Protein chains: 2
Amino acid sequence: MSRTSRRRAVLEHPAPEEIDLFDVLHALSDPTRMTIVRTLSTEPERACGTFPVDVAPSTLSHHFKVLREAGLIHQREEANRRLTTLRAAELDERFPGMLTAVLGAYERSPGAR
Amino acid sequence: MSRTSRRRAVLEHPAPEEIDLFDVLHALSDPTRMTIVRTLSTEPERACGTFPVDVAPSTLSHHFKVLREAGLIHQREEANRRLTTLRAAELDERFPGMLTAVLGAYERSPGAR
DNA sequence: CTCCATGTTCGACAATCATCGAATAAGTGT
DNA sequence: ACACTTATTCGATGATTGTCGAACATGGAG
């Protein structure tokens, strides 16, 4: 029995100073991932399966990995679920005002709400 | 003899309200294109061949097309050259503060200057 | 008219990407 | 034990992407 419960591998999160701008922009250039980020921007924490996106579970898993490795989200294990938060403060420390501006732009997009 | 001089096809530029956020983010997620945009943000107008990027002419042409169709740049013909400007005002009208924030983030990136 | 400079279009190519289904893993509840 | 829920990993697939070289088009200079 392992003392620290983990689903599979240890979740890797880049340090704030390691976050790459191009990875972030690429991550945000996909509608499904943008929906995830937008949803997280208004709610503190959320389980993977509860996002308003319409893709297969395996596809969703892929998008979470992209977002996590880009430094946009943080994920932690809790029992059966994986809880996700937006790394808003760290993102804002690294790239001040950028995430806010992009999310604001998304709200102006057709079909964003 | 055509009265209006044009190189090949007519240059298509999306109207401000047609500019798609995901196209913009995707366009900015490439280092070469980001360099082009950054360069244009400090200079009013520039010919295609004068950008500090190290790619083949045909590749450069491709990147300009991506940027133009995303609505980030405007291009006009002048004699032999194609002069490019950043659509900063229109971008800011469509997505207030976003371009500025992204360019600011780029300045904070390693090797941006 | 003939070079030359500027920049595009066309194909090709390898790499990356978003997507899915099937199999797997781990925790919860009966 | 067993079933159920949650979510991942793996492999495949078709689409998109960044890159280049070769050919072409256009305008100016000699």
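Letters go in sequence order (proteins before strands), and every chain restarts at 1. Here the structure is a predicted model, which means the values were calculated and not measured.
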**Message:** Just the rounded figure in Å: distance from P of C/dT8 to CG of B/L67.
**Reply:** 12 Å
**Asked** Rounded to whole angstrom units, what separation is found between the CZ atom of A/R68 and the C1' atom of D/dT8?
**Response** 10 Å
**Request:** For B/I73 and C/dG7, give me the distance from atom CD1 to atom C1', rounded to whole Å.
**Result:** 13 Å
**Asked** Rounding to a whole Å, what distance do you find between B/L11:CG and C/dT6:P?
**Response** 19 Å
**Distance, nearest 0.5 Å, that separates CZ of B/F64 from CD1 of B/I36** = 4.0 Å
**Message:** Between B/L99 and B/V24, is the side chain to side chain contact (heavy atoms under 4.5 Å, CB included) condition met? List the steps.
**Reply:** CA-CA 9 Å; B/L99 185 60; B/V24 171; over 6 Å; no
**Asked** Without hydrogens or angle criteria, can the side chains of A/H63 and A/R33 be said to hold a donor-acceptor pair below 3.5 Å?
**Response** yes
Atom pairs, N/O to N/O, protein against nucleotides 18-20 of chain C, distance under 3.5 Å?
unit_1, atom_1, unit_2, atom_2, d
C/dA18, OP1, A/R33, NH1, 3.3
C/dA18, OP1, A/R33, NH2, 2.6
C/dA18, OP2, A/R33, NH1, 3.4
C/dA18, OP2, A/H62, NE2, 3.1
C/dT19, OP2, A/H63, NE2, 2.4
C/dC20, OP2, A/A56, N, 2.9
C/dC20, OP2, A/T59, OG1, 3.0

**Asked** What about A/N80: does its side chain form a donor-acceptor pair under 3.5 Å with the base of C/dT28?
**Response** no
**Request:** Rounded off to whole Å, could you give me the NZ-to-C1' distance for the B/K65 and C/dC10 pair?
**Result:** 11 Å
**Request:** Can you measure from CZ (A/R68) to OG1 (A/T84) and round to the nearest 0.5 angstrom?
**Result:** 8.5 Å
**Message:** For A/I19 and A/F95: C-alpha separation, side-chain torsions, deciding distance, then whether side chain to side chain contact (heavy atoms under 4.5 Å, CB included) applies.
**Reply:** CA-CA 9 Å; A/I19 296 176; A/F95 304 127; 4.0 Å; yes
**Asked** Is the shortest side-chain N/O distance from B/R82 to OP1 or OP2 of C/dT8 below 4.0 Å?
**Response** yes
**Asked** Can you check the B/Q75 CD to C/dT8 C1' distance for me, whole Å?
**Response** 11 Å
**Message:** Could you check whether B/E45 and B/T85, counting side-chain N and O atoms only, form a donor-acceptor pair closer than 3.5 Å?
**Reply:** no
**Value in whole Å for how far the C1' atom of C/dA26 lies from CD of A/E78** = 15 Å
**Prompt:** Given atom CD1 of B/I36 and atom P of D/dG18, what is their separation to the nearest angstrom?
**Reply:** 12 Å
